[in-house]
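Because the structure is a prediction, the values reported are computed rather than measured.
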Amino acid sequence: SFDDAEVGAYTIEKDSEKLLVIHNFNASAEKTLTITDDMVKNAQVIADFLGSSDAGHLAIKDGKLTMPALSSVVIGSKQ
């Protein structure tokens, strides 16, 4: 979980697959979140939704997820 009232997150598990869904509800600020192996191992972006075409860039690198304002992302494990 994330200690931020403007971020919502939950996991979906089926068989051996685990997905982490995260929403940035802030209308004007990007968020940088730490994704740990106990959340999702070898995290990679599976799908994303950006609130507008000029919202910014969504990226995950070295366990840090950068999310633009009003964006959502689905993270899964690299196979």
K.L.:
Check whether L58 and V7 end up in the same hydrophobic cluster, where Ile, Leu, Val, Met, Phe, Trp and Tyr are linked by side-chain heavy atoms less than 4.5 Å apart.
P.N.:
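Yes; V7 is reachable from L58 via cluster members.
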K.L.:
State whether the side chain of K18 and the backbone N or O of G76 hold a donor-acceptor pair below 3.5 Å, judged by distance alone.
P.N.:
no
K.L.:
With no hydrogens and no angle check, is any side-chain donor or acceptor of N24 less than 3.5 Å from a backbone partner on V73?
P.N.:
no
K.L.:
Going by the side chain to side chain contact (heavy atoms under 4.5 Å, CB included) test, name the single residue among I75, V74, T11 that passes it with V21.
P.N.:
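Output: one option passes, namely V74.
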K.L.:
Rounded to the nearest 0.5 Å, what's the gap from CD1 on I22 to CD1 on I60? Could you check?
P.N.:
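Output value for this atom pair is 7.5 Å.
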K.L.:
Nearest 0.5 Å, what's the CG-NE2 distance between L70 and H23?
P.N.:
12.0 Å
K.L.:
Extract all donor-acceptor atom pairs below 3.5 Å that involve side chains of residues 61-69 and protein atoms in other chains or at least two apart in sequence.
P.N.:
residue : atom : partner : partner atom : Å
K64     : NZ   : T34     : OG1          : 2.8

K.L.:
Please round to the nearest 0.5 Å and tell me the distance separating atom CE of M39 and atom CG of L33.
P.N.:
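Here the rounded value is 8.0 Å.
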K.L.:
In Å and rounded to the nearest 0.5 Å, what is the CZ to OG distance from F25 to S72?
P.N.:
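The OG atom of S72 is 6.5 Å from CZ of F25, to the nearest 0.5 Å.
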K.L.:
Give a yes or no on whether the backbone of A43 and the side-chain of S77 come within a donor-acceptor separation of less than 3.5 Å.
P.N.:
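Side chain of S77 to backbone of A43, a donor-acceptor pair under 3.5 Å: no, none is there.
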K.L.:
Under 4.5 Å between side-chain heavy atoms, counting indirect links through other Ile/Leu/Val/Met/Phe/Trp/Tyr residues: same cluster for V45 and V40 or not?
P.N.:
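The answer is yes; both residues are in one hydrophobic cluster.
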K.L.:
To the nearest 0.5 Å, what is the distance between OG (S71) and NE2 (H57)?
P.N.:
11.5 Å
K.L.:
Roughly how far apart are I12 CD1 and K14 NZ, rounded to 0.5 Å?
P.N.:
11.5 Å
K.L.:
Is there a path of hydrophobic side-chain contacts, each under 4.5 Å between heavy atoms, that joins I46 and Y10?
P.N.:
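Yes, because I46 and Y10 connect within a single hydrophobic cluster, where side-chain heavy atoms sit under 4.5 Å apart.
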